[in-house]
Amino acid sequence: MTLRLFNSLTKTKDDFAPIDAKNVRMYVCGPTVYDFAHIGNARPAIVFDVLFRLLRHAFGDVHVTYVRNITDVDDKINARAAERGISIRDLTEDTARIYNEDVAALGCMAPSISPRATEHIAQMVAMIEQLIASGNAYAAEGHVLFDVSSKPDYGKLSRRSLDEMIAGSRVEVAPYKKNPMDFVLWKPSDAATPGWPSPWGRGRPGWHIECSAMAGQYLGKTFDIHGGGIDLMFPHHENEIAQSECAHHGAPIANVWMHNGFLQVEGEKMSKSAGNFFTIRDLLADWPGEVLRFNMLRSHYRQPIDFTLAGIKESWKTLERWYGVTEPLANPSPDAAFFAALEDDLNTPAAIASLHQASELGLAGGLGFLGFSNVQMKIAAKVQTDSVAIADAIAARLAARKAKNFAESDRIRDDLLAKGIVLKDGPDGTTWEIKR
């Protein structure tokens with residue numbers, strides 16, 4: 001196969017040639033786990049899960065390493081833990097577990113490695129020391145800052161002007177900075193703030209250095225693909241490039257940079273103030289995970305996506321229709337057109353379009369390859385659409401029992417069981433759940 005990927009650094013779509021075909025390496029920026037992940041966070045998880053699957057198909061499962069980090073030290077985390085009166089570890093253990101459960105419900109495989117920032121402080125300190133030694137960073141008043149002026153090509157990823165970069169990074173004005181654009185690698189912690197010992201005093205890392213240190217630890221100085229949301233291009237990914245290249249004598253951190261587009265909800269930017277802010281968990285309470293996944297994949301990953309109720313319903317109807325004509329197969333094989341679409345910069349809309357024309361075998365294969373399981377989706381979708389019918393059936397069963405028509409009562413119970421619905425009788429009435 002010839003996989004072509006759009007490189008955000010070069011702004012060109014090129015044939016993908018891994019550094020080592022027996023050791024294909026990808027890093028994707030993961031969540032900052034201070035609260036439930038929102039639906040925008042689901043998009044990179046789904047997009048790069050599909051790429052992970054495609055790389056495994058092309059190069060072999062054992063030859064692909066996918067690292068997605070957990071940011072578990074951050075000022076938002078510190079503030080939330082202090083509000084709740086718990087340690088940052090207790091907070092992030094819980095929220096990271098919920099994140100992993102949520103993205104698994106969206107059909108995402110676990111990455112090969114999921115490192116936590118707090119377990120790699122030593123690697124961060126070592127990288128900062130390298131940057132100071134090379135003249136690319138300096139210590140000032142308990143802080144260590146990267147000297148942007150020491151990197152002549154700073155800004156090459158986002159290609160922004162100096163004014164745009166200053167505005168985009170919400171530059172903190174501080175008297176200890178040589179340049180307003182200089183960014184923090186290490187900052188001091190007071191007695192009430194989580195911190196670690198360092199040559200510059202007790203403190204904690206800046207956000208950008210975390211990913212550079214973890215990526216270098218597991219994937220080496222230069223790896224194949226670095227991914228994340230377009231919102232991370234500047235300043236996060238720009239700063240990763242600067243500090244990693246300077247710490248590694250000019251070696252690029254990644255050969256290919258990939259960014260998924262923004263997500264809106266019903267045509268507007270998602271925000272709590274607008275009343276259109278949804279967590280993944282919110283939506284999973286109302287919709288099967290596979291419907292949400294399919295709705296994401298109907299848009300090309302580099303394009304903005306408008307997440308709408310109408311779109312979710314349309315995705316649901318499509319999957320229900322497809323699941324009505326195909327069943328899970330042991331090793332289904334997608335049609336050639338399906339792979340041709342995915343090989344063209346992960347063109348999932350074209351891949352999905354090919355499934356409309358595919359044989360039953362190709363349809364099953366394509367759905368399976370994209371991370372859809374069929375069986376659980378069928379049950380979940382049926383339950384969602386028939387919830388009123390289930391309530392009516394429970395009421396009819398109760399009436400039959402009161403009339404001592406136990407044969408009819410048992411028939412209704414067994415009919416629901418055959419559809420994947422288990423009834424539970426208790427002192428507070430009858431409840432139901434999906435059969436697992």
Side-chain angles (χ1 to χ4, degrees), residues 5-14 16 25-32 40-41 43-45 47-48 51 66-71 74 111 115 117 120 123-124 127-128 131 136-137 145-148 150-162 164-172 181-185 205-248 250-263 301-304 345-346:
L5 298 174
F6 183 85
N7 190 339
S8 301
L9 181 62
T10 63
K11 304 297 188 288
T12 59
K13 185 164 65 174
D14 304 301
F16 173 66
R25 290 159 286 165
M26 176 171 70
Y27 184 93
V28 175
C29 292
T32 299
N41 301 135
R43 194 175 192 193
V47 164
F48 292 104
L51 181 56
Y66 170 24
V67 178
R68 185 182 68 212
N69 75 294
I70 295 288
T71 296
D74 174 89
H120 297 80
Q123 289 87 344
M124 297 173 204
M127 180 172 273
I128 294 170
L131 290 169
N136 298 107
L145 298 110
F146 184 89
D147 184 356
V148 169
S150 73
K151 190 80 166 64
D153 62 354
Y154 180 79
K156 63 183 177 181
L157 176 64
S158 57
R159 301 187 183 186
R160 296 186 177 195
S161 68
L162 179 60
E164 287 175 322
M165 287 192 288
I166 290 174
S169 60
R170 301 183 183 90
V171 168
E172 177 190 1
M181 284 296 298
D182 293 350
F183 58 88
V184 173
L185 301 172
W207 173 34
H208 312 301
I209 197 69
E210 296 177 6
C211 283
S212 284
M214 288 184 282
Q217 174 70 20
Y218 295 102
L219 301 178
K221 292 180 180 179
T222 302
F223 50 91
D224 296 297
I225 300 170
H226 195 313
I230 191 69
D231 56 308
L232 298 181
M233 181 180 285
F234 186 87
H236 184 52
H237 289 164
E238 198 76 76
N239 292 350
E240 277 191 71
I241 288 174
Q243 62 202 9
S244 293
E245 287 187 357
C246 289
H248 297 146
I253 179 174
N255 286 339
V256 179
W257 284 85
M258 296 179 67
H259 294 90
N260 63 267
F262 287 112
L263 178 141
Y301 79 91
R302 285 196 287 117
Q303 299 302 314
D345 194 31
L346 215 64

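Sequential numbering from 1 along the given sequence is applied to the chain's residues.
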Output for pair (Thr71 OG1, Trp207 CH2), nearest 0.5 Å, gives 7.5 Å
With sequence neighbours left out, the residues meeting side-chain hydrogen bond (donor to acceptor under 3.5 Å, both in side chains) with Thr32 are none
Residue pairs meeting side chain to side chain donor-acceptor pair (under 3.5 Å), one or both in residues 219-229, sequence neighbours left out, come to His226-Glu240
Side chain proximity check, Tyr154 to Asn239, heavy atoms < 4.5 angstrom:
yes
Separation between CD1 (Ile241) and OG (Ser158), nearest 0.5 Å, reads 8.5 Å
Those residues at least two apart in sequence (or on a different chain) that pass side chain to side chain contact (heavy atoms under 4.5 Å, CB included) with Asn7 are Leu9, Thr10, Val256, Trp257
For Arg159, the salt bridge (charged side-chain N to carboxylate O under 4.0 Å, His left out) test, sequence neighbours excluded, returns none
Test item: Gln217 and His120 side chains (from C-beta on) under 4.5 Å apart, heavy atoms:
yes
By side chain to side chain contact (heavy atoms under 4.5 Å, CB included), Pro205 pairs with (sequence neighbours left out) Val73, Ile121, Met124, Trp186, Trp196, Ile209, Glu210
Asp147 meets the salt bridge (charged side-chain N to carboxylate O under 4.0 Å, His left out) criterion, sequence neighbours left out, with none
| Are side-chain heavy atoms of Val67 and Pro111 found at a separation under 4.5 Å? | no
Looking only at heavy atoms, the pair that brings Cys211 and His236 closest together is SG-NE2, 3.4 Å
Residues at least two apart in sequence or cross-chain that pass ring-ring contact (aromatic ring centres under 6.0 Å, His included) with Phe146, listed by chain then number, are Phe183
Task: Derivation of the side chain to side chain contact (heavy atoms under 4.5 Å, CB included) call for Ile128 and Gln243 - done: CA-CA 9 Å; Ile128 294 170; Gln243 62 202 9; over 6 Å; no
- Just by distance, do the side chain of Asn69 and the backbone of Gly30 share a donor-acceptor pair under 3.5 Å? yes
Minimal heavy-atom distance between Lys11 and Leu157, with the atoms involved, is NZ-O, 3.0 Å
Leu145 versus Leu185: any side-chain heavy-atom pair under 4.5 Å?
no
The side-chain hydrogen bond (donor to acceptor under 3.5 Å, both in side chains) partners of Glu245 (sequence neighbours excluded) come to Lys151, Lys156
Sequence neighbours excluded, the answer for side chain to side chain contact (heavy atoms under 4.5 Å, CB included) partners of Ala247 is Met127, Gln130, Leu131
Residue set satisfying ring-ring contact (aromatic ring centres under 6.0 Å, His included) with His248, at least two apart, ordered chain then number -> none
**Q.** Cation-pi geometry met for Arg43 and Tyr301 (6.0 Å, 45°)
**A.** no
Quick one: does Arg302's side chain get under 4.5 Å of Phe6's, heavy atoms only?
yes
When every non-hydrogen atom of Arg68 is compared with those of Pro115, the smallest separation belongs to O-CD, 3.7 Å
* Given the side-chain rings of His259 and His237, with only the six-membered ring counted for Trp, is the space between their centroids under 6.0 Å? -> yes
| said: Using modelled atom types and a 3.5 Å cut-off, is there a donor and acceptor pairing between side-chain atoms of Arg25 and backbone atoms of Leu219? | reply: yes
CZ (Phe223) and CE (Met26) are apart, to the nearest 0.5 Å, by 10.5 Å
Across all chains, not counting sequence neighbours, the side chain to side chain contact (heavy atoms under 4.5 Å, CB included) partners of Pro44 are Phe48, Asn260
* Asked: Is there a side chain to side chain contact (heavy atoms under 4.5 Å, CB included) between Ile225 and Met258 once you walk through the steps?
  -> CA-CA 7 Å; Ile225 300 170; Met258 296 179 67; 3.8 Å; yes
For Phe262, the ring-ring contact (aromatic ring centres under 6.0 Å, His included) test, sequence neighbours excluded, returns none
